[in-house]
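First comes the structure, then the notes that go with it.
Worth knowing before you read on, the calculation uses all heavy atoms, side chains too, and leaves out hydrogens, waters and symmetry mates. As the structure lists them, so they are numbered: ligands from 1, and atoms in each ligand from 1.
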Amino acid sequence: MDIQKIRSDFPILQQKIHGHPLVYLDNSATTQKPQQVIDSIIRFYTSVNANVHRSGHFLSERASVSFESTRQKIQSFIHAKQTEEIIFTSGTTESINLVAHSFKNQFIKSDDEIIISEMEHHSNIVPWQQICKQKNARLKIIPFDEHGELIIDAFKELITEKTKLIALTFVSNALGTINPVKELIHIAHEKNIPVLIDGAQAVQHLPVDVQDLDCDFFVFSGHKMYAGTGVGVLYAKQKWLEKMRPYTYGGGMVKSVSFENTTFANHPFKFEAGTSNISGILSLGKAIDYLNNIGINKIQQHEQRLVTYGLDQLSTLDGLTIYAKPKKRCGIISFNLEDIHHYDAMMILDKLGVAVRSGKHCAEPVMNHYNIKGTIRVSFAMYNTTEEIDRLLVGLQKVQEMHR
Ligand code: PMP
């Protein structure tokens with residue numbers, strides 16, 4: 001992997017922030033975009049712009065073909081069986097809400113149970129919590145242990161005949177833990193319980209094969225994998241899409257409409273009412289081309305080297321606590337410096353051109369587990385380097401000096 005070549009594709013990385021070359025270590029919040037992705041958005045508005053699946057004119061045909069070819073790219077990227085199993089949404093959050101809405105209306109009744117884990121992002125907590133409240137159902141939580149790993153025996157014990165769905169994150173955005181989702185899905189399927197996997201922190205870092213995982217639903221966001229914002233994906237097995245009723249109603253998702261009745265289009269269109277974020281979706285296609293050109297396995301190896309180096313370097317600092325030591329970790333490290341507020345550390349690092357995130361990372365229950373208010377989080381992408389981790393270290397030393 002030629003990192004310098006990759007870096008030169010990302011114009012934002014050439015910037016200086018507060019007079020220092022930018023070190024961008026907030027990739028779990030959103031990744032930067034390569035020129036190829038930025039160009040695809042400009043190209044769409046300069047030479048293709050038209051609505052899709054509506055008019056038959058040249059531009060509309062061209063836009064529709066690119067739109068559907070992006071669906072195919074996503075299908076092959078996550079190894080879905082059929083293109084029709086790929087639904088475009090505005091992001092992970094909307095994808096989860098779509099499934100939650102459908103479960104609330106069709107599959108959950110009073111006294112039923114939904115299982116999530118203690119390390120979920122708020123997007124994979126609140127929708128389930130709210131539908132449980134509305135249906136008088138119960139939300140059950142798989143705890144994690146001192147290594148930041150889910151306790152599988154506790155998971156097995158939580159499952160009952162009332163369990164209707166299990167929703168789990170593949171990779172924790174707050175701790176970096178890679179969960180053994182294939183094993184967990186297998187356990188759930190032995191009891192015929194469907195599983196939704198939140199892949200928001202996985203697809204850009206490791207190979208994903210939804211057929212091999214055998215998950216029922218898989219969700220992710222474009223902006224965390226080098227594409228534009230406001231676009232995401234819901235993968236669902238065909239059998240679910242056939243059963244699920246539409247989430248939103250309007251144009252583009254119907255076969256025929258009268259004042260008395262409406263017949264709906266087949267999936268995926270049944271779930272894509274209104275005009276989609278077409279330029280965002282095409283940018284996702286470009287981002288997938290970009291990832292494929294480099295190769296997800298190479299990206300994974302590079303990021304693993306970064307996280308190993310990062311953990312080694314961070315452990316040289318006195319008074320630094322790293323939260324979670326899972327056996328399998330993606331390029332995410334959460335930590336705190338003794339007697340220093342995470343927000344203060346983030347602000348000082350920012351002045352040195354190092355962008356990290358501080359706070360609860362939309363995972364408040366993880367913070368409650370450790371009885372802390374928040375952490376400093378660094379998260380890597382394919383364009384990060386060990387030299388940037390050295391800059392982080394120098395920055396953290398400075399933070400400590402300033403607090404002596
Ligand atoms: N799940 C996880 C694990 C995440 O990291 C995020 C984003 N931080 C989300 C869900 C929500 O993603 P989005 O805001 O793109 O909908």
Exercise. What atoms of ligand 1 come within less than 4.0 Å of a heavy atom belonging to Ser123?
Worked result: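 Going through ligand 1 atom by atom, the ones under 4.0 Å from Ser123 are 10 (C), 11 (C).
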Exercise. Considering only heavy atoms of Ser221, which atoms of ligand 1 have at least one such atom less than 4.0 Å away?
Worked result: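 Heavy-atom distances to Ser221 below 4.0 Å select 12 (O), 13 (P), 15 (O), 16 (O).
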Pick one of side chain, backbone, both or neither for how [X] approaches ligand 1, counting any non-hydrogen atom pair under 4.0 Å.
X: Glu94; value: neither
X: Thr169; value: side chain
X: Asp198; value: side chain
X: Glu120; value: neither

Exercise. Centres of the Phe10 and Tyr24 rings: under 6.0 Å?
Worked result: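 No, too far apart.
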Note the single closest protein heavy atom to [atom], along with its residue, its atom name and the distance in Å.
atom: atom 8 (N) of ligand 1; answer: Lys224 NZ, 2.7 Å
atom: atom 4 (C) of ligand 1; answer: His121 CD2, 3.3 Å
atom: atom 5 (O) of ligand 1; answer: Gln201 NE2, 2.6 Å

For this session: Taking Gln201 for its side chain and Phe170 for its backbone only, find out whether a donor-acceptor pair lies under 3.5 Å.
Result: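 It does not hold such a pair.
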Problem set entry | Candidate with minimal heavy-atom separation from atom 16 (O) of ligand 1, of Thr93, Val231, Asn97 |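 Minimum heavy-atom distance to atom 16 (O) of ligand 1 goes to Thr93.
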For this session: Decide salt bridge (charged side-chain N to carboxylate O under 4.0 Å, His left out) for Glu68 and Arg71; before the verdict, give the C-alpha distance in whole Å, the side-chain angles of both, and the deciding distance to 0.1 Å.
Result: CA-CA 5 Å; Glu68 289 310 316; Arg71 208 187 295 274; 2.7 Å; yes
Exercise. Does any donor atom in the side chain of Gln300 or Gln304 lie under 3.5 Å from an acceptor atom in the other side chain?
Worked result: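 Absent: no donor and acceptor within the cut-off.
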Exercise. Mind checking whether Phe217 and Phe103 have parallel, tilted or perpendicular rings, split at 30° and 60°?
Worked result: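 Aromatic pair Phe217/Phe103 classed perpendicular.
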For this session: Quick one: sort the Phe107 and Trp240 rings into parallel, tilted or perpendicular, breaks at 30° and 60°.
Result: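 Perpendicular.
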For this session: Decide, yes or no, whether a salt bridge links Lys398 with Glu401 under the criterion of side-chain N to carboxylate O below 4.0 Å.
Result: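 Between Glu401 and Lys398 there is no salt bridge, as every charged N stays at least 4.0 Å from the carboxylate O atoms.
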